Colleague: 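Just dropping this structure here.
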Amino acid sequence: MPQEIEPKWQNIWAESGVMKASDGSEKPKYYDLVMYPYPSGDLTVGHARNYVMGDVLARMKRMQGYEVLHPFGWDAFGLPAENAAMKRGGVHPRDWTLNNIAKGKRELKMMGILYDWDREVISCDPDYYRWTQALFLLMLERGLAYRAMAPVNWCPVDKTVLANEQVINGRCWRHPDVEVEKRDLEQWFLKITDYAERLLDDIALLDKWPQKVRVMQTNWIGRSMGAEVDFPVDGMPGESIRIYTTRPDTLFGATFMVLAPEHPLVERVTTEKHRARVRDYAEKARKETEIERLSTEREKAGVATGGFAINPLNGEKIPIWVADYVLMTYGTGAIMAVPAHDERDFEFATRYDLPIREVIAPPSGPQRVLREAYVGPGVMVSSGEFNGLDSTVAFERICDWLEKKGIGKRAIKYRLRDWLISRQRYWGAPIPVVYCPVHGIVPVPVDQLPVELPPEYKPLSEQPNWYRTKCPIGGEDARRETDTMDTFIDSSWYFLRYASPHDDHEAFDSELVNHWMPVDQYTGGVEHAILHLLYSRFFTKVLYDAGMVAMTEPFMRLFNQGMVKRFGQVMSKSAGNGVSIDELAGAQGADAGRIYEMFIGPPEEDVEWTEAGLNGVVKFLQRVWRLVLEPESIVAEKGAPSVRVEPTVLRRKVAQTVGKVTEHYDELRFNTAVAFLMELANTMQGYLQGGGTRDAEWDSAVRTLLKLLNPLAPHVAEEMWQHMGEKGLLADASWPAYDAAAAAEPKVVLVVQVGGKLRDRLDVDAGLSEAEAMQAALASEKVRAALNGRGPSKVIYVPDRLINLVP
RNA sequence: GUCGGCGUGGCGGAAUGGCAGACGCGCCAGCCUUAGGAGCUGGUGCCCGAAAGGGCGUGGAGGUUCAAAUCCUCUCGCCGACACCA
């Protein structure tokens with residue numbers, strides 16, 4: 001198998017345009033999308049694994065008669081380019097990025113991966129980020145973008161703000177060993193929280209997503225249902241503290257309150273005597289880093305304010321404390337503490353010797369000594385008029401009561417927070433607004449987009465020639481926003497741009513988007529399970545509301561492929577353990593590399609890279625080559641066994657392989673799909689060695705094998721196809737149809753059993769499913785007679801080959 | 001701590017509740033050249049046995065079933081996500 005065949009076929013495919021997606025096609029569409037990568041230099045075999053998966057699927061779908069959209073692009077803005085530029089002074093991030101893109105593109109082509117390159121999207125291209133900016137303005141127009149002074153996560157290494165989602169365990173997502181700091185800054189946010197409910201509810205529609213990702217998104221959004229209740233402050237008429245609780249049924253057990261250190265009422269409720277200590281404590285809490293504050297290991301600590309509040313349910317006076325285990329960013333920043341039924345409150349009460357009152361009795365009855373909080377449901381006690389009720393009932397009754405009295409109401413809270421999108425970086429899409437002393441925040445008119453980055457690589461805030469501008473409204477001297485957007489904005493809509501990549505008067509053509517979308521298959525790493533996928537879903541819903549797209553969810557079916565590791569670590573150039581596509585394709589050819597990537601392990605699992613098995617797939621390809629083009633050499637093999645593979649066995653094997661390979665490609669179970677093809681090749685070899693004739697049936701077996709192999713090993717398959725004298729591209733050939741009758745085992749047998757004893761057996765048609773076979777059996781005279789009118793206690797379906805195993 | 005997922009040969013891993021270990025790697029033997037680290041053929045879960053054959057086997061303990069790697073309960077171990085969210 002000469003390696004020159006690879007460029008040969010790559011050129012033929014390019015000229016024939018097999019990979020181009022036609023907008024006006026009559027065929028059913030199939031949108032096969034892979035997550036666009038960050039162009040970080042050499043792509044590794046880890047990237048290739050992902051893209052080969054997408055390519056195998058695209059090639060099969062084309063052969064199945066779909067009009068396949070299989071595009072590619074680059075997530076080209078972002079910090080690594082700036083870091084690289086800084087490292088080798090003088091390199092512009094743009095040059096570094098575009099250079100990497102050129103390299104990556106060459107490698108992808110080398111692997112025989114076919115993309116519709118006419119639709120390539122590069123997020124740092126002004127023709128792209130022009131529309132990223134337009135979409136930001138759409139958000140602004142719809143009231144979904146706002147500026148706010150807020151304590152933000154600040155990465156001291158990257159010197160930029162991070163979104164919540166980019167803070168992992170209190171550390172920067174890019175630098176796992178760097179603690180994130182808190183800073184107060186005025187920043188742009190997107191109101192993703194407005195969509196929290198829909199983002200959560202619509203997870204139900206994503207039934208073809210991995211359960212794991214659905215759970216992660218659900219938890220991330222974090223809905224809780226409860227009530228907001230106002231607790232009047234003792235001695236301050238008209239003043240009250242609003243708390244949020246998920247357990248209104250425990251209101252009678254509230255023995256104290258806790259405010260977050262940043263809570264606005266802390267100063268007011270604090271008495272003179274306690275003022276100094278409270279101030280001191282709040283000051284310290286503010287300085288603590290998020291990671292210290294969020295540690296559950298730490299003992300709960302706080303200080304009393306000296307102030308009191310009134311429990312509106314029973315009129316009881318309860319002390320107000322300040323403690324940092326209450327977060328200003330969730331709920332109302334204030335809680336009622338019910339130590340008997342909340343573990344955190346229990347710990348706090350125990351430490352400061354605060355009263356603990358049980359108001360829900362566990363099923364085992366009231367506890368004599370409370371050693372720990374009881375958080376389950378039970379019977380209400382010490383709760384006035386609600387005594388004796390089940391706590392789940394009391395939950396509703398107390399809410400009703402609060403609402404009737406006007407001191408509280410049911411409320412739903414989300415863990416999800418608004419998306420902070422400002423980045424104090426050069427290499428990103430500039431936020432297209434102007435600050436005018438007269439008109440305030442003025443959006444740059446869409447027809448003036450893009451707000452292009454200045455050529456010089458230097459912080460935008462240090463480029464007055466760039467940021468000094470005129471107000472688009474009145475022409476006053478004004479200043480441009482010098483922050484750029486989080487790159488996750490770029491990637492929240494790139495899959496829409498592929499539908500009309502050259503549209504130069506709108507972000508995308510709605511009609512074309514509605515034609516291609518939603519994405520039928522989306523493949524990418526699980527590391528994007530929350531960030532990218534949640535943001536893309538959010539964008540899609542906003543665009544739906546704006547009437548610009550017809551779908552409410554962008555990705556129908558999601559697949560998270562595993563990572564390729566080496567020496568136990570994720571493969572990457574920077575970690576120095578990368579194996580490049582060049583090396584893989586250079587070793588034994590692109591096709592062997594492709595098959596090996598698919599065969600190395602289950603696609604969703606992480607795999608350790610080793611080339612130990614590469615030789616096995618090379619042997620497989622060589623065997624296929626001989627079967628197809630030199631079958632006579634196999635018949636002549638010396639020392640061959642005399643085991644015969646009957647023609648019927650070969651025929652059935654071919655039919656079964658069609659069914660299995662089609663199904664497993666479809667379900668992205670490539671490792672087993674490869675195994676089935678190997679089995680077929682083994683059977684075919686056995687057939688020849690056993691003296692099988694090379695008749696029309698053999699010929700059809702060969703052709704079927706080539707078609708099934710084509711998505712995996714397209715160069716070799718095309719070459720063999722051509723050698724066989726076939727006209728036309730194998731890529732254009734039709735996918736073999738599955739013949740269920742030919743694939744079926746000879747027959748199946750039903751065992752009918754009454755009272756645990758075998759009564760009769762019945763042959764049924766081959767090819768029936770278990771359910772069909774059972775039904776057929778129950779309808780048959782023979783079985784009815786055997787049952788003797790008593791009805792079966794059991795009807796057992798057993799394949800013929802296993803009949804002897806049944807007692 | 002909570003929520004997910006996973007435990008199968010020497011290895012990567014297969015098995016709609018139906019012959020566990022497909023397919024491949026590795027290993028062993030033979031063939032071929034005989035320079036093989038190339039190629040071909042056969043064998044290869046573990047134990048007993050010369051063989052025929054027998055026994056045991058999917059982390060562990062129970063259970064459901066004619067039948068369990070698969071379903072249920074408990075338990076041990078590993079991995080991942082989230083983690084004071086009131």
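If you're wondering where the values come from, they're calculated on a predicted model, not measured in any experiment. Labels below follow one simple rule: chain letters A, B, ... track the order of the sequence lines, proteins then strands, and each chain is numbered from 1.
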Colleague: Report the base-pairing partner of B/G7 (Watson-Crick or G-U wobble, both distances below 3.5 angstrom), or none.
Modeller: B/C76
Colleague: Counting heavy atoms from C-beta on, name the nucleotide in B/C84, B/U41, B/A86 closest to the side chain of A/Asp342.
Modeller: B/A86
Colleague: Could you tell me the Watson-Crick or G-U partner of B/U44, where both distances fall under 3.5 Å? Say none if there is no partner.
Modeller: B/G26
Colleague: Write down the distance separating the P atoms in B/C40 and B/G24, rounded off to the nearest Å.
Modeller: 12 Å
Colleague: Paired with B/U16 by Watson-Crick or G-U wobble geometry, both distances under 3.5 Å: which nucleotide is it?
Modeller: none
Colleague: State, with a plain yes or no, whether a side-chain heavy atom of A/Thr245 is found less than 4.5 Å away from one of A/Glu228.
Modeller: no
Colleague: Which salt bridge (Lys or Arg N to Asp or Glu O under 4.0 Å) pairs, counting each pair once, include a residue from residues 243-256 of chain A, with sequence neighbours left out?
Modeller: A/Arg247-A/Asp249
Colleague: Let me know the distance between CZ of A/Arg623 and P of B/C40, rounded to the nearest Å.
Modeller: 7 Å
Colleague: Quote, to the nearest angstrom, the P distance that separates B/G60 from B/C76.
Modeller: 15 Å
Colleague: Figure out the NZ/C1' separation between A/Lys565 and B/G80, and round it to whole Å.
Modeller: 10 Å
Colleague: Could you measure between the two C1' atoms, the one in B/C28 and the one in B/G77, and give it in whole Å?
Modeller: 34 Å
Colleague: Could you tell me the separation between the NZ atom of A/Lys212 and the P atom of B/G5, rounded to a whole number of Å?
Modeller: 10 Å
Colleague: Heavy-atom count check: over 12 atoms from other residues, nucleotides or ligands less than 6.0 Å from A/Glu663 CD?
Modeller: yes
Colleague: Does A/His263 have any ring pair (Phe, Tyr, Trp, His ring centres under 6.0 Å) partners at least two apart in sequence or in another chain, and if so, which?
Modeller: none
Colleague: With a 3.5 Å limit on both atom pairs, tell me what B/A50 is paired to, counting Watson-Crick and G-U wobble, or say none.
Modeller: none
Colleague: Can you see if the side chain of A/Tyr244 gets near the phosphate of B/A86 - specifically, an N or O under 4.0 Å from OP1 or OP2?
Modeller: no
Colleague: Under 4.0 angstrom, heavy atoms only, what part of the nucleic acid is A/Gly616 near: base, sugar-phosphate, or nothing?
Modeller: sugar-phosphate
Colleague: For B/A81, give its Watson-Crick or G-U wobble partner with both distances under 3.5 Å, or none.
Modeller: B/U2
Colleague: Excluding sequence neighbours, so at least two apart, what forms side chain to side chain contact (heavy atoms under 4.5 Å, CB included) with A/Thr704?
Modeller: A/Val654, A/Val658, A/Ser700, A/Leu708, A/Pro736
Colleague: Sort and list the pairs that fulfil salt bridge (Lys or Arg N to Asp or Glu O under 4.0 Å) and have at least one residue in residues 600-614 of chain A, not counting sequence neighbours.
Modeller: A/Lys565-A/Asp606
Colleague: How does protein contact run along nucleotides 9-15 of chain B, one letter per nucleotide 5' to 3', with B for base contact, S for sugar-phosphate only, - for none, heavy atoms under 4.0 Å?
Modeller: ---BSSS
Colleague: Whom does B/U65 pair with, Watson-Crick or G-U wobble, provided both distances fall under 3.5 Å?
Modeller: none
Colleague: What pairs meet the salt bridge (Lys or Arg N to Asp or Glu O under 4.0 Å) rule with one or both residues in residues 206-217 of chain A, with sequence neighbours excluded?
Modeller: none
Colleague: Should B/C32 form a Watson-Crick or G-U wobble pair with both distances under 3.5 Å, which nucleotide is its partner?
Modeller: none
Colleague: Once you round it to whole Å, what is the distance between C1' of B/C23 and CG of A/Asn615?
Modeller: 16 Å
Colleague: Does A/Lys619 put a side-chain nitrogen or oxygen below 4.0 Å from OP1 or OP2 of B/C25?
Modeller: yes
Colleague: Could you tell me how far B/A14 sits from B/A83 if I compare only their C1' atoms? Round to whole Å.
Modeller: 37 Å
Colleague: If you measure from the C1' atom in B/G9 to the same atom in B/G57, how many Å do you get, rounded?
Modeller: 11 Å
